[in-house]
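Input: a single structure, listed below in structure tokens.
Quick note: residue numbers are just sequence positions, from 1.
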Amino acid sequence: MLIPVTIIFLVPMIAGTVFFAIRTPKEANLKEDEREKTIHLRGTHMAYYPLVLGVWANIFFLINGIGFGYSVNILIATLVVSEVIRVGSQLYFYRKGA
């Protein structure tokens, strides 16, 4: 099930990226300015801590005998939560104009 779901997500993302790159070719090659670099850095910084805590929690659970399936689910949940925090904070900072 993972491969079909991945393909279902990738096809619209690639099509959308190609569409917007063709629609506005000047914007496709723009360099990031200082504000955008700062926003991306802050978002990555905010996502780092939940990611580290999730990995440490996973290590703790593995040492205490949790099953492999649960461990994989904890790791995937950790990645999803940290990515949501990263993207959400970046959107917040863009909206705020930080």
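With hydrophobic clusters built from ILVMFWY side chains whose heavy atoms lie under 4.5 angstrom apart, Leu62 does not share a cluster with Ile59. Leu10 and Phe19 are assigned to two separate hydrophobic clusters, defined by single-linkage of ILVMFWY side chains at heavy-atom distances under 4.5 Å.
With respect to Arg86 and Glu83, a salt bridge is recorded, a charged nitrogen being found less than 4.0 Å from a carboxylate O.
The distance from atom NZ of Lys31 to atom CD of Glu36, rounded to the nearest 0.5 Å, is 12.5 Å.
Across every non-hydrogen atom of Ser82 and Ala47, the tightest pair is O-CB, 3.2 Å. In terms of heavy-atom proximity, Gly43 sits nearest to Ser89 at CA-OG, 3.2 Å. Here the shortest heavy-atom pairing between Pro50 and Ile85 reads CG-CD1, 3.5 Å.
Side-chain contact between Met46 and Tyr92: absent, with no pair of heavy atoms (C-beta onward) separated by less than 4.5 Å. Contact annotation: the side chain of Arg95 never approaches that of Leu91 to less than 4.5 Å [non-hydrogen atoms, C-beta and beyond].
Results of the side-chain contact (heavy atoms from CB on, under 4.5 Å) test with Phe9 over Thr6, Val11, Val5, Ile7 single out Val5 as the only residue that passes.
Partners of Phe61 by ring-ring contact (aromatic ring centres under 6.0 Å, His included), not counting sequence neighbours: none found.
The local environment of CD1 in Ile3 is sparse, with at most 12 non-hydrogen atoms from other residues, nucleotides or ligands closer than 6.0 Å.
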Which pairs of donor and acceptor atoms, one on a side chain in residues 66-77, lie under 3.5 Å apart (sequence neighbours left out)?
{"unit_1": "Ser71", "atom_1": "OG", "unit_2": "Asn58", "atom_2": "OD1", "d": "3.0"}
{"unit_1": "Ser71", "atom_1": "OG", "unit_2": "Asn58", "atom_2": "ND2", "d": "3.3"}
{"unit_1": "Asn73", "atom_1": "ND2", "unit_2": "Gly69", "atom_2": "O", "d": "3.3"}

